[in-house]
Chemist: 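One structure, pasted below without further comment.
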Amino acid sequence: MISNVIDKKWQKFWEDRELFKAEDFSGKPKYYVLMMFPYPSGSRLHMGHCKNYIIGDVVSRYKKMQGFNVLHPMGWDAFGLPAENAAIKNNIHPEEWTYKNIRVMKEQLKNIGICYDWSREVATCSPDYYKWTQWLFLKFYEKGLAYKKKKEANWCPKCLTVMANEEVIDGACWRCKTEVTKKELDQWFYKITAYTERLLEDIKKLKGWPEKVKTMQENWIGKSYGVEVDFKIVGPAADKIPVYTTRVDTIFGVTYLVIAPEHPLAQKIVKGTKYEVPLKEFTAKLKKQSEISRTSDLTEKEGMFLGAYAVNPFNGEQVPIYAVNYVIMEYGTGAVMAVPAHDQRDFDFAKKYELPVKVVIQKEGSRQEGKDLAEAYVAGGVQVNSGEFNGKKNTEAMVLMADYAEKNGFGKKTIKYKLRDWLISRQRYWGAPIPVIYCDRCGIVPVPEKDLPVKLPFIADFKPTGGVSPLASVKEFVETDCPKCGGAGRRETDTMNTFICSSWYFLRYCDPKNNNEAFDPKKTGYWMPVDQYVGGIEHAILHLLYSRFFTKFLFDLKLVKFDEPFVNLFTQGMVLKDGQVMSKSKGNTVEAEPLIEKYGADTVRGFVLFAAPPEKELEWSDKGIEGISRFLARVERFIAAALPLFKDTRPVVPEKLPKELKTFYVNLNKTVKKVKEDVEKDFHFNTAIAALMEFVNFLYVFAPPEEQKSSVEYRSLLKLAVEDVVLLLAPFTPHICEELWAGLGYKESVFLHELPEADPAFIIEDEKEVPVQVNGKLRGRIMLSGGTSREEALALARALPAVTASMAGKKEVKVIYIQDKLINWVVL
RNA sequence: GCCGGGGUGGUGAAACUGGUAGACACAAGGGACUUAAAAUCCCUCGGUCGCAAGAUCAUGACGGUUCGAUUCCGUCCCCCGGCACCA
């Protein structure tokens with residue numbers, strides 16, 4: 001029965017009945033379960049993909065059986081570079097390529113029996129969809145949250161486009177792993193930094209998110225508290241160099257100042273001096289270095305004296321100014337006070353360039369000199385060499401010194417973040433055009449709403465050139481009228497980062513066909529927020545941060561009533577093969593289809609779920625798939641054999657069951673409870689399935705006393721047990737369970753039936769096996785029934801030969817008696 | 001370096017708030033059924049000693065707390081993930 005015939009039969013049944021269609025505004029409680037939608041890459045679905053969708057499918061079916069109105073949609077993150085690259089390679093248009101892939105992937109998803117509401121399918125590359133992506137751009141623009149700026153940006157030489165900071169992983173392109181370089185271009189940005197504090201603060205609201213993801217977002221936002229202090233440059237110009245520090249308590253230990261070589265003040269200081277040319281050379285040299293080597297702490301620290309000094313406002317000391325490779329322009333003020341005694345980087349640099357090391361914080365009770373230090377002392381302690389702050393704890397001094405700087409007008413308390421604005425322009429073809437027109441007279445003019453969508457022209461040559469979007473060469477696209485003055489205008493030719501498209505798709509699912517607005521707030525009000533989001537940890541920052549940003553923006557526009565999109569987040573572990581993530585490019589994929597063909601969809605599903613808890617990474621191996629296959633066959637055989645007994649049964653009355661059958665009933669109840677707990681508490685499908693296996697094993701072994709064999713009580717109980725097994729198993733292995741359910745005489749889908757409830761009155765067994773220990777060592781076990789008193793139990797336990805033996809001649813010190821759990825004698 | 005997560009049989013893994021370590025499976029070995037095979041069913045299956053009953057050791061290492069520790073505490077080793085010249 002594991003053939004594809006069963007699979008196809010029920011897949012068609014579900015589709016014909018529209019069984020998994022979500023109903024807007026149904027009276028039932030809603031449940032929105034969402035998978036991160038895939039990029040339709042065209043590769044056959046491999047086990048890595050499948051695990052994700054199977055998890056979501058189990059949740060969705062389970063919730064349906066709990067009586068929820070479930071929304072479980074699917075769509076396609078369909079814009080993006082690979083479409084172009086593959087299209088170029090295979091000489092086929094990206095659009096054709098993408099839609100072809102969508103068809104293939106959809107078919108495969110159906111083949112493993114994933115139950116989506118396909119009527120809500122969206123593809124981000126469809127004009128019906130990206131019209132609203134563009135509309136959202138206009139909203140951002142209206143609110144001043146979309147702006148254009150010339151900036152040196154991360155450039156991937158392979159993808160031939162710029163990218164956001166979030167897309168650079170270890171100095172390389174997150175998609176193709178090519179080392180990222182810099183390129184100065186005029187770019188569009190979304191002002192995510194306007195939401196920094198809320199994005200950080202609201203992490204607290206994300207109770208259902210893994211700590212790990214929250215920490216990653218916190219780190220990415222990178223809030224720090226510090227003080228900005230002005231150091232005056234010695235000389236007639238009277239320029240000030242502002243520095244940012246989180247350790248103002250160490251400021252008396254400043255022995256030099258370091259500044260990014262490209263800092264305008266550095267340039268200014270050396271102008272017309274003998275240092276001008278060397279600085280130019282130094283800057284040029286650093287420019288050639290990649291971002292990785294420049295910002296790696298393994299890189300040797302390098303710098304040059306600029307021939308100038310600055311005054312430490314706290315003590316009036318003059319310190320030399322150095323341009324160094326380890327200070328970057330983008331963070332803080334681009335200049336840093338160097339305290340070699342208490343900062344490892346400064347310490348390394350000072351050693352190399354023989355600069356003084358001045359201790360200002362000492363560990364309590366110790367007396368250290370700068371020359372004694374083998375490394376910087378970064379911990380806390382007591383202030384020394386710090387003027388009026390001497391003797392204070394450094395934590396106290398930090399506060400006092402910040403106040404002191406503010407009072408004297410040379411500093412202010414400052415909060416800094418690492419998060420930067422989101423660069424959204426991409427110089428590629430296959431994306432949503434940025435809906436903007438440039439006019440010589442009116443400047444930047446947004447495309448009026450009524451003219452949306454700005455359709456991506458169908459062009460033959462979409463090869464990237466490098467720095468310019470392929471759209472720039474499409475005359476009919478570029479040349480247009482200015483919507484404001486009617487004069488000649490030029491369209492923006494960059495397209496949007498695909499992460500923009502995926503930052504709101506979960507809203508569109510609530511109202512996918514709406515032609516008048518991005519979504520009806522009443523519908524998003526009903527469905528949102530997403531109750532359970534499932535996806536890979538690789539989006540911990542990227543997609544998840546962007547989606548939160550979008551949601552908060554829409555909240556401010558009063559278009560939605562919630563300011564966090566995802567209540568619960570589950571990050572599933574990846575499927576590895578040979579220690580690496582499965583991917584087509586690595587050539588280490590295990591395709592799902594041959595396995596489905598061989599074992600049937602349910603076995604493949606069951607195996608993936610049984611192999612390990614879903615959050616854990618799974619090193620792929622076929623070993624063990626037989627186990628699930630056998631188990632399902634055992635279930636089928638058992639039911640087939642028991643079926644004749646199910647005639648003329650009646651509802652089970654547990655109170656009236658004879659002793660043996662009561663044990664059976666308790667066992668069933670325990671199984672129901674265990675399975676439901678495992679699924680609901682933490683998605684531990686592996687132990688849920690194990691519990692069902694255990695129960696089925698019990699069913700095979702259990703034999704009632706001869707006189708009960710054909711009793712109506714036994715037959716009714718057996719039927720109840722079998723039905724409960726089918727119901728509990730249904731979310732995991734739906735096809736077989738539908739077949740079995742029909743075999744049991746039901747005309748409707750098993751998913752329209754509610755899950756069994758464990759009867760709390762019949763969870764505890766009458767008899768319990770209790771371990772007996774002497775000095776913590778196991779000496780035997782006794783069977784105790786519910787009513788046994790402590791005295792009786794102890795007497796029984798003491799009578800065990802092994803217990804008597806090990807206590808002989810010893811003195812009893814204490815006895816530990818824990819009801820139903822353990823008996824332990826402490827003897828000397 | 002810092003912050004997470006982890007280290008349990010030949011393998012994937014279980015073990016609730018400290019209470020019988022290894023559930024459930026896979027693989028392996030033995031047996032039954034069969035002309036044979038497949039399928040199915042039964043038995044064994046962490047190490048050592050023992051014919052056995054049993055004893056004893058065992059959850060990365062070493063200590064500690066406890067009647068009792070995979071679980072709590074300390075020190076250390078290893079693996080995975082994230083962050084990192086961020087001032």
Side-chain angles (χ1 to χ4, degrees), chain A residues 169-170 210-220 222-224 226 228 243-248 250 258 294-301 324-328 330-339 343-346 348-349 375 378 416-418 537-538 540-541 571 573-574 576 579 607 610-613 615-628 630-631 633-634 637 674 677 681 684 686-697 700 769-781 801-802 805 813-816 818 820-828:
Chain A
I169 310 290
D170 288 334
E211 282 309 313
K212 186 182 181 170
V213 174
K214 291 194 273 185
T215 312
M216 281 165 76
Q217 291 213 355
E218 259 171 46
N219 288 342
W220 186 255
K223 185 176 189 174
S224 72
E228 221 174 279
V243 302
Y244 174 70
T245 180
T246 53
R247 287 293 303 274
V248 71
T250 66
V258 285
R294 169 87 190 265
T295 56
S296 158
D297 61 351
L298 299 169
T299 306
E300 177 88 3
K301 287 172 184 41
V324 299
N325 62 347
Y326 71 90
V327 170
I328 52 171
E330 283 84 46
Y331 185 77
T333 61
V336 184
M337 58 181 223
V339 187
D343 182 288
Q344 192 56 40
R345 292 155 303 179
D346 298 336
D348 295 342
F349 188 84
E375 55 180 7
V378 293
K416 298 258 184 225
Y417 304 90
K418 289 199 290 174
I537 187 84
E538 66 272 19
I541 293 168
T571 51
M574 287 181 280
L576 308 179
F607 176 58
F610 181 63
E615 72 275 13
K616 216 186 149 184
E617 289 198 340
L618 177 66
E619 172 66 39
W620 178 262
S621 148
D622 291 1
K623 285 206 175 123
I625 196 164
E626 294 288 346
I628 282 286
R630 270 177 221 156
F631 166 65
R634 264 165 80 78
R637 266 187 279 122
K674 167 85 176 146
E677 269 176 9
K681 211 173 66 198
H684 278 185
N686 57 331
T687 48
I689 293 172
L692 285 165
M693 286 177 166
E694 220 173 332
F695 186 68
V696 170
N697 289 344
Y700 267 92
E769 195 188 49
V770 175
V772 182
Q773 303 178 337
V774 176
N775 280 349
K777 289 213 162 123
L778 186 68
R779 292 297 167 208
R781 304 172 175 93
V813 178
K814 190 168 152 187
V815 60
I816 289 134
I818 296 161
D820 292 344
K821 280 235 164 134
L822 166 115
I823 297 168
N824 181 22
W825 273 281
V826 185
V827 298
L828 277 175

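Reminder, nothing fancy here: chain letters follow the sequence lines and each chain counts from 1.
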Chemist: Identify the two heavy atoms, one from A:N686 and one from A:F610, that lie closest to each other, and give their separation to 0.1 Å.
Modeler: CB-O, 3.5 Å
Chemist: Expressed as a whole number of Å, how far does the C1' atom of B:U20 sit from that of B:A14?
Modeler: 14 Å
Chemist: How should the glycosidic conformation of B:G12 be described, syn or anti, under the criterion that syn lies within 90° of 0?
Modeler: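 It is anti.
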Chemist: According to a strict under-4.0 Å criterion, is A:R637 in side-chain N/O contact with OP1 or OP2 of B:A39?
Modeler: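 No, no such contact exists.
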Chemist: Which is it for A:D343 and A:R247 under the side-chain contact (heavy atoms from CB on, under 4.5 Å) test, yes or no, and what are the steps along the way?
Modeler: CA-CA 10 Å; A:D343 182 288; A:R247 287 293 303 274; over 6 Å; no
Chemist: Can you identify which nucleotide, out of B:C67, B:A87, B:U20, has its nearest atom closest to the A:I328 side chain?
Modeler: B:A87
Chemist: With both distances kept under 3.5 Å, what pairs with B:A87, Watson-Crick or G-U wobble?
Modeler: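 Base partner found: none.
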Chemist: Whether the side chain of A:N219 and the base of B:C83 hold a donor-acceptor pair under 3.5 Å is what I'd like checked.
Modeler: no
Chemist: Look up atom CG in A:N824 and atom CZ in A:R779, then write down how far apart they are to the nearest 0.5 Å.
Modeler: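 Between atom CG of A:N824 and atom CZ of A:R779 there are 10.5 Å.
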Chemist: Would you say B:A13 has OP1 or OP2 under 4.0 Å from some side-chain N or O of A:K616?
Modeler: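 A:K616 to B:A13 OP1/OP2: side-chain N or O found under 4.0 Å.
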Chemist: Over all strands shown, is A:D346 touching base, sugar-phosphate only, or nothing at heavy-atom distances under 4.0 angstrom?
Modeler: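 Contact class for A:D346: none.
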Chemist: What is the pairing partner of B:A28, taking Watson-Crick or G-U wobble pairs with both distances under 3.5 Å in any strand?
Modeler: B:U44
Chemist: Does A:T333 form a side-chain contact (heavy atoms from CB on, under 4.5 Å) with A:E228? I'd like the steps, not just the answer.
Modeler: CA-CA 8 Å; A:T333 61; A:E228 221 174 279; 3.6 Å; yes
Chemist: Go through B:U20, B:C57, B:C24 for me and flag the one nearest to the A:P771 side chain.
Modeler: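 For A:P771, the side-chain atoms sit closest to B:U20.
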Chemist: Which nucleotide in the list B:G19, B:A87, B:U20 gets nearest to the side chain of A:I818?
Modeler: B:G19
Chemist: Give me the distance, rounded to whole Å, that separates B:G5 from B:C57 when you measure between the C1' atoms they each carry.
Modeler: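 Result for the C1' pair: 30 Å, nearest Å.
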Chemist: Out of B:G12, B:A87, B:A27, which has the shortest distance to the side chain of A:V327?
Modeler: B:A87
Chemist: Can you tell me if A:N686 touches the phosphate of B:A23, counting only side-chain N or O atoms and a distance under 4.0 Å to OP1 or OP2?
Modeler: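 It does not, given that no N or O in the side chain of A:N686 lies less than 4.0 Å from OP1 or OP2 of B:A23.
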Chemist: Look at the side-chain N and O atoms of A:R630 and state whether any lies under 4.0 Å from the OP1 or OP2 oxygen of B:A27.
Modeler: yes
Chemist: Scan every strand shown for a Watson-Crick or G-U wobble partner of B:A52, both distances under 3.5 Å, and answer none if you come up empty.
Modeler: none
Chemist: Check every atom of B:G12, B:A23, B:U20 against the side chain of A:R781 and return the nucleotide holding the closest atom.
Modeler: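 Within the option list, the nearest is B:U20.
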Chemist: Should A:R634 and A:N697 count as side-chain neighbours, where that means a heavy-atom distance under 4.5 Å?
Modeler: yes
Chemist: With rounding to the closest Å, how many angstrom separate the P atoms on B:A25 and B:U34?
Modeler: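 These two P atoms come out 27 Å apart once rounded.
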Chemist: Establish, yes or no, whether the cationic atom of A:K301 lies under 6.0 Å from the six-membered ring centre of A:F349 and within 45° of the ring axis.
Modeler: no
Chemist: Let me confirm one number: the CD-CD1 distance from A:Q773 to A:I823, rounded to the nearest 0.5 Å.
Modeler: 10.0 Å
Chemist: Whom does B:C62 pair with, Watson-Crick or G-U wobble, provided both distances fall under 3.5 Å?
Modeler: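 B:G74 is the nucleotide pairing with B:C62.
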Chemist: If I pick the C1' atom on B:U70 and the same atom on B:G18, what distance separates them, to the nearest angstrom?
Modeler: 11 Å
Chemist: Taking atom C1' in both B:C3 and B:G63, compute the distance separating them and give it to the nearest angstrom.
Modeler: 27 Å
Chemist: Quick check: do A:T687 and A:K674 have side-chain heavy atoms less than 4.5 Å from each other?
Modeler: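 Of all side-chain heavy-atom pairs linking A:K674 with A:T687, at least one is under 4.5 Å.
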Chemist: Nearest heavy atom decides the nucleotide; on that basis, is A:E211 or A:V774 closer to the 5' end of RNA chain B?
Modeler: A:E211
Chemist: Go through B:G82, B:C24, B:A13 for me and flag the one nearest to the A:A612 side chain.
Modeler: B:A13
Chemist: Could you let me know what B:A36 is paired to, Watson-Crick or G-U wobble, both distances under 3.5 Å, or none if it's on its own?
Modeler: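 Across any shown strand, B:A36 pairs with none.
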Chemist: Work out how far the P atom of B:A37 is from that of B:G47, and round it to whole angstrom.
Modeler: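 Pairwise P distance, B:A37 against B:G47, rounds to 30 Å.
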Chemist: Check every atom of B:C24, B:C67, B:C86 against the side chain of A:V826 and return the nucleotide holding the closest atom.
Modeler: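 So the nucleotide nearest the side chain must be B:C67.
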Chemist: Please give the distance between the P atoms of B:U71 and B:G1 as a whole number of Å.
Modeler: 25 Å
Chemist: On RNA chain B, compare the nucleotides closest to A:A690 and A:K674; which residue's is nearer the 5' end?
Modeler: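 The 5'-side residue here is A:K674.
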Chemist: Any side-chain N or O of A:R634 less than 4.0 Å from the OP1 or OP2 oxygen of B:C41?
Modeler: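 Yes.
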Chemist: Under 3.5 Å, is there any donor-acceptor pair linking the side chain of A:K418 to the base of B:C86?
Modeler: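 Result: no qualifying N/O pair found.
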Chemist: Using whole Å, report how far CG of A:D622 lies from C1' of B:A27.
Modeler: 14 Å
Chemist: What nucleotide, of B:G81, B:A87, B:G19, holds the atom closest to the side chain of A:I816?
Modeler: B:G19
Chemist: Quick one: is A:Y331 getting a side-chain N or O under 4.0 Å of the B:A87 phosphate, OP1 or OP2?
Modeler: yes
Chemist: Within the structure, does a side-chain N or O atom of A:R779 lie under 4.0 Å from either OP1 or OP2 of B:A55?
Modeler: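 Answer is yes, contact under 4.0 Å.
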Chemist: Could you please name the option among B:G19, B:C3, B:G81 that lies closest to any side-chain atom of A:T215?
Modeler: B:C3
Chemist: Could one point to a donor on the side chain of A:Q773 or the base of B:U20 with an acceptor on the other under 3.5 Å away?
Modeler: no
Chemist: Nearest of B:G82, B:A87, B:A14 to any side-chain atom of A:T687?
Modeler: B:A14
Chemist: Give none if B:G81 has no partner; otherwise give the nucleotide forming a Watson-Crick or G-U wobble pair with it, both distances under 3.5 Å.
Modeler: B:C3
Chemist: Could you tell me whether A:N775 contacts a base, only the sugar-phosphate backbone, or nothing, with contacts defined as non-hydrogen atoms closer than 4.0 Å?
Modeler: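 The answer is sugar-phosphate, as A:N775 gets under 4.0 Å only of primed atoms, P, OP1 or OP2.
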Chemist: Please state the C1' separation for the pair B:A13 and B:G22 - nearest whole angstrom.
Modeler: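 B:A13 and B:G22 have their C1' atoms separated by 9 Å.
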Chemist: Determine, for A:E211 against A:K214, whether the closest basic-nitrogen to carboxylate-oxygen distance falls under 4.0 angstrom.
Modeler: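 The answer is yes: the pair qualifies as a salt bridge.
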Chemist: Could you check whether A:F349 gets within reach of a base, just the sugar-phosphate, or nothing at all, counting any heavy atom under 4.0 Å?
Modeler: nothing
